Every structure is written in C-alpha cells, then in structure tokens.
Amino acid sequence: MCNMKYPFESIELKWQKYWKDKKVFKTDLTKVDNKLYVLVMFIYPSAAKMHIGHWYNYGPTDTFARYKKLKGFNVFEPIGYDAFGLPAENYAIKTGIHPQDSTLKNIKDIRTMLERMGGMYDWDAELMTCVPEYYKWNQWLFLQLYKKGLAYRKNAPVNWCPSCQTVLAREQVLADGGCERCGTTVIQKNLTQWFFKITEYADELLEGLNKIDWPEKTKTMQINWIGKSYGTEIDFAIEGSNEKIRVFTTRPDTLFGVTYVVLAPENELVQKITKPEYKDTVDKYIESIRSLTEVERTSTTKEKTGVPTGAYAINPINGEKVPIWIADYVLATYGTGCVMAVPGHDERDFEFAKKFNLPIKKVILQPGTKEEDELIEAYTDVGIMINSGKYNGLSSDMGIEKISDDIEKQGLGKRTVNYRLRDWLISRQRYWGTPIPIIHCDKCGEVPVPEDQLPVVLPYEVNFKPDGGSPLASCEEFIHTTCPKCGAPAKRDPDTMDTFVDSSWYYLRYLNPNYNDGMFDTELANRWVPVDVYVGGAEHATMHLLYARFIHKFLRDIGLVKSDEPFQKLIHQGTITNQGAKMSKSKGNVVDPNEFLSKYGSDVFRMYLMFMGPYELGGDWSDKGIVGVDRFVQRTYTLFENYKGIASDTQAKSKYEMNELSPDEKKIYQKVNQTLTKVETEIDNFRFNTAVAALMELLNELKNIDNCRKEIQLYTLERLASMLAPLAPHLAEECWSLLGKKKSIYEESVWFEADSEALVNETVTIVVQVNGKVRTKIELPVDTPEKDVRNFVFNDDKIKSYVDGKQIIKEIYVPNKIYNIVVK
RNA sequence: GCGAGAGUGGCGGAAUUGGUAGACGCGCUAGACUUAGGAUCUAGUGUCGCUUAGACGUGGGGGUUCGAGUCCCCCCUCUCGCACCA
C-alpha cells in the first residue's frame with residue numbers, strides 16, 4: 001500500500017500550467033451548437049484578497065461550468081473586474097494611493113487567486129471596466145439614451161450620502177436609511193442630476209419576468225419594486241380658487257366616503273391655497289418635516305402628523321365640501337402627491353382621522369355586518385356600496401368601474417396606471433468612474449460630446465480629496481473645453497456615472513473585449529446571449545439585475561441585440577457568515593482562505609465549501625468538517641496511486657452484462673452507475689453538497705475493488721476520475737493521468753453515460769408494518785408478485801406474533817416498498 | 001406591521017409522488033497497527049431501556065391518513081425582503 005500524501009501544491013501548479021499553455025479553456029465562440037454561457041457576477045476589486053465569499057461564489061459556479069463542459073457543451077465562462085467605484089477612491093483618500101494604481105494591483109492579485117482556485121476561465125475574454133476601451137462605451141450608451149430622451153437632467157430632491165460625498169439612487173439606500181456602501185445615514189438634498197428613464201420600460205420589465213427562469217423571490221422583489229397599480233385620477237375643485245386638486249386613487253368606489261383631502265407638504269399647491277390665518281402653522285409644519293430624513297418620514301411606526309390649510313375642496317361626485325390638509329404620510333413623489341382621504345376604508349386615513357377628529361363615513365358595507373354598526377377599524381375589502389347615491393347596492397368592485405366610467409364621461413378625471421419605480425439616478429460626484437459625455441455651453445446649453453470624440457478620458461492627475469463637489473470640477477485640463485456646436489469655451493460635466501452602468505452590459509462585452517467597431521460584437525451577442533446561467537448574490541435583485549434588464553431592452557430597441565432578456569436562468573448563492581454576522585473588513589471577522597489553501601490546497605477548499613450545505617442557503621463558516629473532505633481526497637489519491645498505469649495494458653468496455661460480473665464486481669458496477677446519475681442530477685441543480693456525498697459513498701463502496709478484474713477496476717476508476725473532475729479539477733486530472741491516460745480529461749471532455757440496466761437493484765427490502773409501525777424487513781427480488789410477498793409476510797414469526805388472534809382490517813401493499821397490516 | 005423562506009442527533013446537513021427519519025461528513029467511543037500518533041485502518045454512535053423485546057423521536061399544540069419531516073389549522077423562534085405607494 002502506497003500512502004504518499006497528496007502533493008497538492010505541485011499538482012495544482014502543474015495542471016494550471018497545462019491548462020494555460022494548451023489553452024484548454026479557450027472557448028471557440030464560432031461554434032454555437034451546444035453553446036452554454038455560464039456567467040458569475042464579475043468581481044469588485046476593492047481589496048487584493050479573495051475572501052471566503054468570493055470562493056463560495058466562484059468555486060461552485062466553476063464546478064457547474066466544468067461539469068457542463070465535460071458533458072460536451074461548448075461552455076463560455078469568462079471573468080472580469082467591476083473596477084470603478086467608491087471603495088478604491090475612499091482608499092485613495094485615506095492612503096494617497098491612486099485608485100487606478102491600487103485597482104490594477106488588486107486585479108493582478110485577484111487574477112492569481114482565481115487561477116489558483118482552478119477556475120475554468122477563458123482568459124482571452126477577461127475585461128475590466130476602468131479602462132477607456134471599456135468605459136468609452138458607457139459614454140456611447142449614454143449618448144444613445146440621450147438621443148432617445150432617455151437620459152435627462154432634472155433638479156430633484158436626491159439621496160445624499162455625507163460620507164461618500166455623492167448622491168445615490170433610491171434602491172441604493174438601505175431600509176434603515178443607510179448608504180448601501182458605507183451605512184452612513186443618507187440625507188435629502190436638492191440637486192440637478194442625470195437620470196436614465198427606466199420608468200419608460202416599467203411595463204416591459206414587469207412582463208419580461210414571465211419569460212425567465214429566476215427565483216420566485218427575486219421576481220417578486222422586482223415586481224414590488226416596479227409597483228404597478230391601476231387607478232383613477234380625479235379632480236377636486238378648490239373652493240374660491242381656479243386651481244384644482246388632482247388625486248390618484250385605486251378605490252374610486254369609495255369616493256362618497258371622502259371626508260378630507262391631503263396634500264404632500266412639498267406640493268406646490270400648498271402655498272397657493274393655504275388661507276392666510278393658517279399660513280404660519282403650515283410653514284412651521286413644513287419646516288419641521290424638512291429636518292426629518294426620508295426614512296423617518298416614511299416609517300410606518302411613526303405617528304402620522306399634519307395640519308389643516310384652511311382651504312376646502314369640493315367632492316366632484318356629490319358636491320360635498322371637505323377640508324384640505326397637509327400631512328407627512330402623503331408622498332410628493334408618488335401618484336399626484338394628493339390623496340382623497342377615506343378614513344372608513346383606508347387604514348392610514350382612519351388612523352389620521354381618529355387622531356384629528358375628522359369625520360369617518362361608511363360607504364362600503366362589510367358582508368355580515370349592519371349599516372349602523374360602528375367602524376372600529378378601516379374596512380378595506382370588497383363589500384356592498386352604501387351612502388353612495390345612485391351607486392348604492394352595487395358591489396364595490398363593480399363600483400370602481402362604474403364611478404371611473406362616469407368620472408371619465410364627465411371629464412372630471414381618467415383612469416391611469418402608477419408605478420413605484422422611479423428613474424435611475426446615475427450621476428455621482430466622484431472621481432473614479434466614467435465621465436459623463438456632456439459639455440455645458442453658456443450659449444448652447446447641454447451639448448453631447450460627438451461620438452467620434454469619445455472616449456472622454458478620465459484624467460489621472462486629479463485632486464480627489466472630498467471638498468463637497470465633484471473632484472473633476474477642479475481639474476482644469478479636464479473641465480475646460482470648447483463647445484462642439486459653437487466653438488465657444490465651455491465646461492465638461494464634472495460628474496461620473498454610477499458603476500451599475502458598467503455592469504449593465506458587461507456580459508455582452510465579454511464575447512470580445514477588444515472589439516473596436518462598437519460597444520460589442522452584435523453578431524456574437526445574438527448567438528450567445530442571453531446568458532444561460534447567471535450566478536450572483538441576491539442583494540442585486542432590485543439594482544444590478546433590474547438595470548441590466550433595462551439596458552438590455554434598450555439595446556434591443558436600438559437594434560444591437562435581438563433577445564429580450566439578458567439572463568435566462570438565475571441562481572443566487574447563499575451568504576457565508578461568521579458567527580452569524582456578515583463578514584466585513586470593518587467588523588474584522590473576515591476569514592482568510594489562505595490558511596486553508598496552504599494546508600489543504602484549493603481542491604479540498606472549494607470542495608469543502610460545496611460540501612458544507614445547500615448552495616443557495618449559505619451558512620455560518622466553520623472549518624470543522626474540512627478534514628473530512630481532505631481525507632476523501634487523500635483516499636482517492638491513494639487509490640489511484642495503487643492502480644497507476646492500469647490503462648496502458650487494460651481496456652474497459654463501455655458496458656458490461658450484469659450476469660457476467662462477480663458479486664463484488666456487480667456491487668461496484670451498480671454503485672458506479674448509480675453514482676453517475678446521482679452526480680448528474682445533483683450538479684445540474686446546483687446541489688453540490690449531495691454530489692460530493694455521492695462520491696464519498698462510491699469511494700466507500702470501493703473497498704473490494706481489489707477483488708475485481710482489471711478491466712472492471714479501470715471501468716470504475718475512469719468514471720470516478722471523470723465525476724471528480726468538476727468538483728476537484730486538479731486532483732481529477734492527476735488521477736486520470738495516473739491511470740495512464742495521455743490527454744487531459746478536459747481536452748477530451750470525458751463524461752460517461754450511466755448503464756441504465758445497472759441502476760435498479762435485483763432485490764429490494766420490503767418493510768413490513770403492523771398498524772403503521774415497522775416490525776420487520778424482508779429482502780425479496782424486485783417485483784415479487786403481491787401474493788408471494790403476502791406469503792412471506794404472514795410466515796414471518798415476528799409478524800405472526802403481532803397478527804395472530806387479531807382481526808385483520810386492511811392490508812396495504814406498496815410494490816417494492818412497504819407491506820402494512822392493520823389489525824384490531 | 002406586511003410578504004417570503006426556514007426550524008431534523010453533540011455539530012454541518014440527507015431524505016422522488018406522504019411509504020425504513022438521520023445518507024454523507026465532523027465529533028465522540030472502543031479496538032488494530034505502532035517508539036509515538038493530533039497519521040492510518042476496523043467497528044460502533046438519535047434518546048430512554050441500555051442484554052433483549054420495546055417505547056419515544058424531525059420547534060410546540062391539534063387534525064387528515066393504514067402510514068406525516070413531508071399535507072391542513074393554530075402558536076413560537078430565526079433569517080431575508082418591503083416599510084404609510086393612496
């Protein structure tokens with residue numbers, strides 16, 4: 001018995017070099033039969049090290065890609081770097097190291113780690129977003145959007161992170177009001193900013209979800225984020241004024257129940273309609289609201305506040321006069337910023353009316369209650385309309401249609417659709433990003449940079465220390481230019497783009513990162529996109545994954561791609577935590593993979609990460625079980641060492657007849673083939689933990705492989721090496737060559753089909769139960785006729801002792817599984 | 001508060017359509033080989049009884065069923081997502 005320890009270091013290097021030298025993983029993109037685009041979200045090189053989370057993301061995905069390659073797919077698995085962004089710049093502010101220098105260095109280190117991991121990446125397709133060759137096309141994309149009116153500038157209240165010194169899109173603000181990147185509480189600021197009109201695609205983004213194979217949860221999040229709702233806009237006249245209040249409601253059926261109207265404090269009508277004697281309190285109230293953050297204001301737990309304006313509105317349906325209030329629970333940014341309040345049938349209005357003693361009117365009768373019953377809470381479901389004039393007696397869902405019809409007929413309003421989705425704020429007051437290709441000219445206004453002048457290169461020499469404004473604004477050489485239209489001196493836009501712009505189309509660029517004639521090679525994109533399997537964190541559900549879908553649809557509309565969606569199937573890996581907390585540098589609880597890599601090697605490490613549990617669940621980090629995987633690897637290596645060179649003088653058939661095998665051979669033969677199907681279905685479904693377990697079971701079963709004929713030994717070991725290859729690529733290559741194989745397992749894409757005849761066992765264990773309790777088990781040939789099974793069962797002494805003298809009520813036989821006798 | 005998911009040995013976790021609960025691994029126990037073992041191999045390992053028969057057992061309580069980790073109802077805990085969207 002040879003017991004040499006598996007020399008992972010030399011073996012891993014050896015095969016990495018082999019793959020690289022022979023370009024084993026270079027994908028021939030011209031071949032599209034059997035194409036499979038497997039993509040993992042590219043890496044953010046804010047630190048030189050790949051932590052456990054990266055390994056957990058990339059290792060298993062690579063295993064999936066490798067498995068598909070072995071199965072004969074033409075797999076494209078690229079990797080790249082999401083290289084722009086705040087952390088590099090913040091790091092620069094702290095240390096003085098230029099973002100470009102630190103980023104390029106980090107990329108170099110990460111590349112080394114990815115190679116060490118044994119990633120099957122096509123290194124010819126590698127890209128990074130911080131080079132002009134890439135970001136030039138961000139600018140080009142911007143200009144296309146601009147041409148179509150989908151990139152525009154507006155003055156708006158925006159989310160400002162005081163720490164990052166920049167604005168954030170709404171989805172980049174956390175639920176607790178913190179900044180997505182740094183956690184600092186975000187405040188509101190009024191600024192002119194660039195937006196992409198994602199709302200133009202709201203409906204399509206919603207509908208497209210039906211066509212893609214994504215986790216339901218993620219789709220739901222996007223649905224909620226888009227927040228489409230059907231309703232009616234209704235005009236309320238203002239007493240003694242020509243102004244009108246247009247409200248948006250999803251419940252026009254409750255129009256008779258309106259007892260007051262509420263405006264958002266920011267609504268411009270407020271200043272116009274407020275009665276002089278109320279002006280003081282209204283202004284004071286608005287001031288008090290301003291000091292609150294968005295989150296404080298919209299917190300559902302906070303008690304609602306508001307003040308009357310002294311003005312009155314006229315309910316168009318019955319001419320009733322109702323007071324106009326302003327309140328913080330009405331948002332200026334949703335609907336029309338005005339609400340008709342129906343306390344009887346809306347929880348928020350109910351709470352508000354109770355607090356300020358406003359009347360509550362019942363106009364929808366809850367089934368099973370009486371009209372005179374007092375409302376103790378708002379009734380928001382369907383019911384029978386009451387106190388509603390000619391609509392009385394109608395079901396309220398009918399009432400929605402009828403009242404909307406009548407409102408429309410009388411020109412008092414119209415049906416509309418509202419979205420929660422807002423346009424995507426893309427400007428950032430930061431240095432390390434793509435410059436916005438716009439020039440501001442005193443005479444011509446905003447002028448797009450002509451396409452032939454792209455890229456607008458990000459200058460290297462810039463003072464990027466924070467002083468409140470965009471760093472580029474103080475870079476004289478950059479900012480001063482001439483107007484492309486009139487030639488007069490003009491200024492460049494000093495802002496840079498959100499890095500989510502970069503990641504919205506990178507999957508198209510991978511196909512040819514050096515392409516010069518356009519944003520990407522359209523021909524290739526139409527053959528390879530959508531991405532077949534996309535793997536990445538669930539935290540991108542409403543950001544990256546929504547933006548990328550939007551940009552993809554836009555690119556389709558300008559004729560650059562034919563597909564509707566960028567990512568056909570989506571998988572989220574789980575999060576690896578440490579003692580229950582997310583690993584982060586600031587918490588100081590990051591686990592360094594290097595410790596394990598130097599002790600066990602990368603095959604063991606990546607296999608252990610897969611073995612820990614279900615991929616989509618993640619879990620708490622613990623190195624407790626890693627020795628188990630290491631032992632498995634050692635035993636496997638030893639086994640192959642013992643059969644060194646076996647392939648040189650032996651040949652295995654591709655299939656054996658079961659009856660020509662010895663008992664030991666048969667057992668092993670069956671197990672090998674059963675494992676083949678098991679490993680296939682498990683990896684196909686990203687269940688790596690059970691795939692590894694299946695291989696461990698197989699190895700345990702190979703105790704008696706010495707008793708097999710040589711050809712059966714070879715038959716077995718060939719298959720074991722092949723199944724091992726996706727999970728432990730270096731080890732498997734080594735084992736394969738130990739057998740005496742000349743070529744790499746991946747050069748030939750070795751995968752074996754299971755022999756279906758070996759999958760079923762000849763005998764089965766039939767569990768015999770009495771009253772549902774297991775009493776004995778009997779081993780019988782598969783498909784023994786029921787009457788024979790019954791005979792065996794009733795001749796069993798133990799069963800007899802349970803059944804004798806009792807009345808048999810029922811017998812249930814589930815073929816090849818269970819025989820249950822019910823007695824009394 | 002609303003929505004989604006989860007709760008299984010000392011631990012990580014397995015378990016087609018309801019059909020042997022605890023695969024695989026860690027840990028632990030005993031033994032073998034050894035100068036030694038924190039290496040390796042062999043056997044055992046849900047709990048109680050502990051030799052047997054057996055009883056109990058998948059967060060708690062109830063139900064459907066010949067049979068429930070799996071289906072239904074109620075409750076508890078945890079994780080994630082959304083936070084007044086009219």
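Naming: A, B, ... by sequence-line order, numbering from 1 per chain. Predicted model, so just to flag it, every value in this text is computed and none were measured.
Residues A:I626 and A:A332 both approach RNA chain B. Their nearest nucleotides, taken by heavy-atom distance, put A:I626 toward the 5′ side.
Atom CG in A:N689 sits roughly 16 Å away from atom P in B:U8 (whole-Å rounding). Between A:E616 atom CD and B:G5 atom P there is a gap of 14 Å when expressed in whole angstrom units. Atom-to-atom, CG of A:D630 to C1' of B:G25 comes out at 13 Å; the value is rounded to the nearest Å.
For the side-chain contact (heavy atoms from CB on, under 4.5 Å) test with A:M610, the passing option among A:F688, A:F686, A:Y56 is A:F688; the others fail.
Ring geometry for A:Y6 against A:F8 counts as tilted: the plane angle lies between 30° and 60°, on a 0 to 90° scale.
In the region residues 806-824 of chain A, proximity to RNA chain B at under 4.0 angstrom, judged on heavy atoms, holds for A:K810, A:I812, A:V814, A:K817, A:I818, A:N820, A:V822. Using a 4.0 Å cut-off on heavy atoms, none of the residues of residues 670-678 of chain A approach RNA chain B.
Nucleotide B:G5: paired with B:C78 (Watson-Crick or G-U wobble, both distances less than 3.5 Å). Nucleotide B:A36 forms a pair with no other nucleotide shown, judged by Watson-Crick or G-U wobble geometry with both contacts under 3.5 Å. Nucleotide B:U52 forms no Watson-Crick or G-U wobble pair with any nucleotide shown, as no partner meets the under 3.5 Å limit on both distances. For B:A68, there is no paired base (Watson-Crick or G-U wobble, both distances below 3.5 Å). Of all nucleotides present, only B:A30 satisfies the Watson-Crick or G-U wobble test against B:U42, with each distance under 3.5 Å.
The side chain of A:R420 lies closest to B:C82, out of B:U20, B:A15, B:C82. Here B:A43 is the nucleotide among B:A86, B:A43, B:A83 with the atom lying nearest to any side-chain atom of A:K703. With B:U40, B:C24, B:A14 as the choices, the nucleotide that has an atom nearest any side-chain atom of A:A693 turns out to be B:C24. Side-chain proximity of A:V627 to the nucleotides B:C26, B:G19, B:C80 is greatest for B:C26. Here the side chain of A:E697 is nearest to one of B:G13, B:A23, B:A86, namely B:A23.
A distance of about 34 Å separates the C1' atoms of B:C82 and B:C11, rounded to the whole Å.
Between A:N700 and B:A23, a side-chain N or O to OP1/OP2 separation shorter than 4.0 Å is absent.
Looking at A:V627 and A:Y600, their side chains come closer than 4.5 Å, going by heavy atoms from C-beta outward.
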